[in-house]
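Heads up: the structure comes next, in structure tokens.
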Amino acid sequence: QVQLVESGGGLVQAGASLRLSCAASGLTFSWYDMGWFRQAPGKEREFVAYISRSGGSTNYADSVKGRFTIARDNAKKEVYLQMNNLKPEDTAVYYCAADYSGRTYRESHEYDYWGQGTQVTVSS
């Protein structure tokens, strides 16, 4: 069965960096676009970053552009989110997701598989 397992979350101070990882199994990883989403308490899940199945195309939410970088390693079946200059408003549970259709990358309902999430907490 398909599994996406996130890791790398934690509690950090504002201005620090974290690198999230998402390990995939049970699917042909290179056939899927990958996304990172996040959900803060009391808020809806929101798009953070996207990377195409080849890795040749990326896109980011305006709120993280210039601070976060998404990357993937198809040989390892992993996707990463490097988060620099973290802010308290980045506090959320972060989820990776896999999308086969490739129709649109900002809509969570387009994604076929989801991880369980990893908590990121940024203190001021």
Side-chain angles (χ1 to χ4, degrees):
Q1 88 241 32
V2 175
Q3 279 195 311
L4 300 177
V5 180
E6 301 96 336
S7 61
L11 170 63
V12 297
Q13 290 189 329
S17 298
L18 279 176
R19 186 187 191 226
L20 304 184
S21 298
C22 171
S25 61
L27 76 170
T28 305
F29 186 68
S30 60
W31 290 2
Y32 288 79
D33 297 337
M34 298 298 295
W36 284 96
F37 288 75
R38 66 187 181 186
Q39 188 166 18
K43 295 188 176 181
E44 292 187 355
R45 190 170 298 189
E46 65 173 358
F47 166 77
V48 175
Y50 153 90
I51 187 165
S52 64
R53 54 205 68 194
S54 69
S57 179
T58 59
N59 205 290
Y60 300 89
D62 288 344
S63 59
V64 307
K65 203 171 292 183
R67 299 187 298 122
F68 290 12
T69 303
I70 189 171
R72 68 188 294 161
D73 185 329
N74 284 350
K76 293 183 177 180
K77 296 187 178 181
E78 294 184 347
V79 62
Y80 312 100
L81 186 68
Q82 177 67 42
M83 306 186 294
N84 297 331
N85 190 22
L86 282 160
K87 303 176 180 182
E89 51 264 43
D90 294 318
T91 295
V93 177
Y94 283 72
Y95 300 90
C96 70
D99 171 30
Y100 180 77
S101 71
R103 285 188 294 267
T104 178
Y105 53 82
R106 288 181 179 265
E107 301 297 329
S108 59
H109 63 81
E110 290 289 338
Y111 287 76
D112 304 291
Y113 302 106
W114 291 83
Q116 83 290 347
T118 186
Q119 176 71 47
V120 172
T121 303
V122 184
S123 64
S124 57

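Position 1 is the first residue of the sequence, and the numbers go up from there.
- Put simply, the side chain of Asn74 never gets that close to the backbone of Lys77: no donor and acceptor are under 3.5 Å apart.
- Screening residues 40-79 for disulfide bond (SG atoms under 2.5 Å apart), with sequence neighbours left out, gives no hits.
- Checked by atom type, the side-chain pair Thr91/Glu89 shows no donor-acceptor distance below 3.5 Å.
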Only pairs under 3.5 Å count here: list side-chain donor-acceptor contacts from residues 19-33, not counting sequence neighbours, and write none if there are none.
unit_1: Asp33; atom_1: OD1; unit_2: Arg53; atom_2: N; d: 2.8
unit_1: Asp33; atom_1: OD1; unit_2: Arg53; atom_2: NE; d: 2.9
unit_1: Asp33; atom_1: OD2; unit_2: Arg53; atom_2: NH2; d: 3.3

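- Side-chain atoms of Asn85 never come within 3.5 Å of backbone atoms of Arg67 as a donor-acceptor pair (strictly under, hydrogens ignored).
- Distance alone, capped at 3.5 Å, is enough to place a donor-acceptor pair between the Glu6 side chain and the Cys96 backbone.
- A donor-acceptor contact shorter than 3.5 Å is absent between the side chain of Arg45 and the backbone of Arg38.
- Of the N and O atoms on the side chains of Gln82 and Tyr80, not one donor lies less than 3.5 Å from an acceptor on the other residue.
- Without hydrogens or angle criteria, Thr121 side chain to Leu11 main chain gives no donor-acceptor distance under 3.5 Å.
- The disulfide bond (SG atoms under 2.5 Å apart) contacts involving residues 53-91 comprise nothing, where partners must be two or more places apart or lie in separate chains.
- Under the side-chain hydrogen bond (donor to acceptor under 3.5 Å, both in side chains) criterion, Asn59 pairs with Tyr105, Arg106, not counting sequence neighbours.
- Checked options Tyr95, Tyr94, Trp114; the residue passing with Phe37 is Trp114 (criterion: ring pair (Phe, Tyr, Trp, His ring centres under 6.0 Å)).
- Residue pairs meeting the disulfide bond (SG atoms under 2.5 Å apart) criterion with at least one partner in residues 28-81, sequence neighbours excluded, are absent.
- Clustering ILVMFWY residues whenever any of their side-chain heavy atoms sit less than 4.5 angstrom apart, transitively, puts Leu81 in a cluster other than the one holding Tyr111.
- Checked against side chain to side chain contact (heavy atoms under 4.5 Å, CB included), Ser124 has the following partners two or more places apart in sequence or in another chain: Pro88.
- Between Lys65 and Asp62, at least one side-chain nitrogen of the basic residue sits less than 4.0 Å from a carboxylate oxygen of the acidic one, meeting the salt-bridge criterion.
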